[in-house]
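Below, chain A is the first sequence line, B the second, and so on; all start at residue 1. As a basis for the values below, the full set of heavy atoms in this structure was taken, side chains included, without hydrogen atoms, waters or symmetry mates.
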Amino acid sequence: MSLQNDLTQKVIEAVKQLYQVELPTVEFQPTRKDFEGDITVVVFPMLRQIKGNPVQIGTKIGEYLVENVDEVLKCNVVQGFLNIVITDSYYLNFFNNIFEEANFGYVKSQSNDAVMVEYSSPNTNKPLHLGHIRNNLLGYSVAEILKASGKKVYKTQIINDRGIHICKSMLAWQRFGEGETPESSGLKGDHLVGKYYVAFDKAYKEQIAESVESGTPKEKAEKEAPILLEAQEMLRKWEAGDDEVVALWKKMNGWVYDGFDTTYKNLGVDFDTLYYESDTYLLGRDVVKDGLERGVFFKKEDGSVWIDLTDEGLDEKIVLRSDGTAVYMTQDIGTAIQRVTDYPDINGMVYTVGNEQDYHFKVLFLILKKLGYSWAEQLYHLSYGMVDLPSGKMKSREGTVVDADDLIKNMEDTAESISQELGKLDGYSEEEKKELYRTIGLGALKYYILKVDPKKRILFNPEESVDFQGNTGPFIQYTYARIQSILRKADFDVSTALDMTMDLHEKEKELLKQIQLFPETVQLAAENFSPALIANYTYDLVKEFNSFYQQVSILGETDEQKRNFRIQLSQKVGEVIQSAFRLLGIDVPERM
RNA sequence: GGUCGCGUAGCUCAGCUGGAUAGAGCAUCUGCCUUCUAAGCAGACGGUCGAAGGUUCGAAUCCUUCCGCGAUCACCA
């Protein structure tokens with residue numbers, strides 16, 4: 001039982017004895033640094049039930065606690081705040097209990113329900129960019145956090161491999177490519193395909209300009225550019241299963257997948273299962289037809305099918321075209337149902353998709369609820385803000401994107417130059433160094449993105465790039481490396497039993513308090529789908545450790561009991577850093 | 001125009017299920033490396049928490065209105 005629960009009971013007991021009043025709850029908060037104490041009871045809310053002076057009430061409760069609760073050493077009251085000092089032995093006991101625990105803070109999977117987390121979900125006509133990085137990091141991290149909180153998780157993505165956009169790349173490649181392949185060009189497959197997507201756009205714009213020149217209205221020129229018509233024709237052929245088109249489509253998509261795999265590997269994200277839009281785009285129509293019979297949807301005169309959400313404050317939304325074909329929404333309905341069919345233990349899904357689709361997901365979830373699926377109550381749109389550049393929005397067609405591969409490379413290079421400047425890597429092989437630069441560079445990038453609230457827009461300035469000092473990934477990694485250095489040097493037996501009567505240094509106590517918060521932080525992060533909570537927690541822990549490291553000697557401590565305890569404490573802090581960073585998908589280095 | 005989100009120090013962000021004098025980092029300035037890694041520590045400077053009302057013993061936090069920024073409101077995905 002946690003200390004807070006324990007104290008809650010005791011405070012309720014105290015008030016009952018002293019005032020004959022049964023409190024429903026007790027409000028706690030951590031004691032502010034400028035006052036003496038470890039945990040604080042806020043007395044004010046009690047005034048609704050107990051009449052009197054808050055200072056007096058607080059004092060009396062405090063006296064009761066000191067007398068009746070072993071863990072309470074002493075109390076003081078400031079205004080309406082009852083500050084409680086907890087005994088050192090309580091913290092030592094806590095540490096003793098968790099020291100051997102392997103995955104402290106993680107909860108072993110206990111429920112049969114699974115959650116499917118979707119993220120990435122790119123188009124196959126261009127390489128991944130910074131926006132995808134945010135998406136991938138968020139989705140991956142939330143999946144890891146959910147796992148750590150005791151849920152079973154399937155990671156997935158839906159690959160948008162179909163549609164006019166891929167036909168554009170295909171057409172441009174046919175037209176201008178002269179048989180170029182990733183092998184012949186040395187280009188990563190996704191970049192090669194992206195190159196032709198841009199080439200298409202260029203040709204398309206030229207044709208429009210030409211035709212406008214000769215007097216065609218702009219709108220007409222845009223619709224009737226020959227190259228666009230050809231792309232549309234190609235899509236029709238694809239849908240009809242034309243052998244040649246399908247073969248080309250398979251070839252070029254294959255290039256893209258190889259490229260994506262490399263990027264995912266570099267980013268350190270993975271998937272348990274994949275869905276392809278070419279397989280799912282026909283799904284959902286039967287569900288809509290069924291829902292139409294049950295009156296969930298209605299049909300308009302032209303044959304199109306809609307849902308009326310005006311009661312929910314939304315509009316009418318189309319779910320089936322008049323020609324009976326599926327729209328985006330239809331697909332998503334079908335895909336969701338398909339997933340539950342494929343993985344019957346799913347009871348909940350998380351969709352990691354940008355906030356420009358807030359409305360879409362609101363509608364999707366409502367439709368699924370109206371269709372009566374029990375799991376529809378457990379759907380969450382992990383919505384995040386766009387990543388913008390100082391020059392404005394990223395547009396891949398115009399080449400104003402921060403390419404994912406370039407950015408990762410960039411971060412590694414920065415890590416390399418900083419490391420070389422500091423020159424602490426004597427004895428590391430070239431390979432080890434390279435690995436380390438990767439760890440640090442990626443750590444900086446991932447932390448930079450994950451520490452901010454997903455809802456907020458990120459303005460990314462490539463010129464200023466990402467910090468390596470202060471509240472950053474490398475700062476935390478550095479602390480971890482320092483701890484490992486201590487552990488390497490402590491080559492004697494530190495496994496002596498803890499002396500429970502030891503006096504704790506203030507910094508040791510603060511560290512223990514911070515460690516104690518880890519499990520609840522993981523739970524909170526899972527409930528809120530928020531990697532930022534993990535990042536901020538880790539930062540606080542690390543700051544606390546560095547302060548401790550600076551003020552007290554660890555290996556130099558002459559009292560063997562204390563020295564060993566400090567080494568064990570450092571080890572545990574290292575473990576928690578590693579566990580926390582694993583939830584963010586960030587590696588920790590042994591040296592740096 | 002309707003709907004949703006955001007607005008906290010010069011910059012980047014915490015805090016937002018109401019609690020004590022609003023916290024960090026960067027930048028600027030001051031100290032600390034013959035002692036466990038200075039990617040560090042200690043400190044200084046810096047705030048009408050977008051504005052105005054309201055609820056409350058108490059509001060950055062909840063409610064209302066307004067302002068600014070963004071997104072969205074397709075038989076596109």
Side-chain angles (χ1 to χ4, degrees), chain A residues 27 29 31-35 40 42-45 47-48 54 78-81 83 121 123 160 162-165 277 281 300 302-306 313-315 317-332 354-360 362-363 383-386 388 393 415 418-419 421-422 424 440 444 448 451-453 455-459 461 464 466-479 481-490 528 532-533 535-536 539-540 542-543 545-557 563 566-567 570 591-592:
Chain A
E27 194 177 322
Q29 61 180 272
T31 305
R32 287 182 69 105
K33 287 260 196 274
D34 8 325
F35 299 102
T40 295
V42 188
V43 182
F44 294 110
L47 297 179
R48 284 188 200 111
V78 180
Q79 294 173 37
F81 299 92
N83 302 321
S121 305
N123 290 339
N160 191 357
R162 170 199 98 84
I164 190 78
H165 49 79
E277 207 194 76
Y281 80 106
K300 288 198 176 175
D302 62 4
S304 57
V305 180
W306 297 70
L314 305 174
D315 297 329
K317 188 84 189 172
I318 189 161
V319 291
L320 217 53
R321 290 194 189 103
S322 50
D323 62 6
T325 55
V327 293
Y328 180 38
M329 189 63 75
T330 330
Q331 273 180 52
D332 270 3
N355 65 6
E356 75 271 17
Q357 294 197 35
D358 285 357
Y359 184 72
H360 172 79
K362 209 184 228 180
V363 172
S383 165
Y384 61 91
M386 296 289 98
D388 291 331
K393 233 180 162 171
I418 293 175
S419 294
E421 218 169 284
L422 294 170
K424 297 181 187 173
I440 298 173
Y448 175 81
K451 77 171 175 186
V452 320
D453 181 350
K455 285 200 295 290
K456 292 198 175 179
R457 281 199 300 157
I458 292 183
L459 188 72
N461 189 342
E464 291 172 17
V466 178
D467 278 336
F468 283 68
Q469 274 158 14
N471 187 358
T472 66
F475 167 69
I476 292 165
Q477 290 172 322
Y478 173 72
T479 305
R482 265 179 159 181
I483 292 172
Q484 300 318 303
S485 170
I486 290 173
L487 297 181
R488 277 191 298 271
K489 286 181 180 164
N528 292 292
L533 291 178
N536 289 322
Y539 178 61
D540 288 340
V542 161
K543 259 202 317 190
F545 182 82
N546 280 327
S547 182
F548 160 76
Y549 178 91
Q550 198 76 23
Q551 276 198 32
V552 308
S553 186
I554 299 168
L555 294 170
E557 171 60 48
R563 184 197 65 191
R566 285 176 186 166
I567 292 166
S570 303
R591 284 176 57 181
M592 71 184 271

Most 5' of T40(A) and Y448(A) on RNA chain B, judged by nearest nucleotide: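 Closest to the 5' end, via its nearest nucleotide, is Y448(A).
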Along RNA chain B (nearest heavy atom to each residue), the more 5'-positioned of N471(A) and K455(A): K455(A)
When all nucleic acid strands are considered with a 4.0 Å heavy-atom cut-off, which category describes [X]: base, sugar-phosphate, or nothing?
X: D388(A); answer: nothing
X: E277(A); answer: sugar-phosphate
X: F475(A); answer: sugar-phosphate

N/O donor-acceptor pair, side chain N546(A) with base A38(B), under 3.5 angstrom: no
Answer yes or no: does a side-chain N or O of [X] lie under 4.0 Å from OP1 or OP2 of [N]?
X: K362(A); N: C73(B); value: no
X: S485(A); N: C36(B); value: no
X: S547(A); N: A42(B); value: yes
X: R32(A); N: G19(B); value: no

Same-atom distance (C1') from G5(B) to A9(B), integer angstrom: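 That atom pair is separated by 24 Å.
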Opposite nucleotide pairing with A59(B), Watson-Crick or G-U, both atom distances under 3.5 Å: none
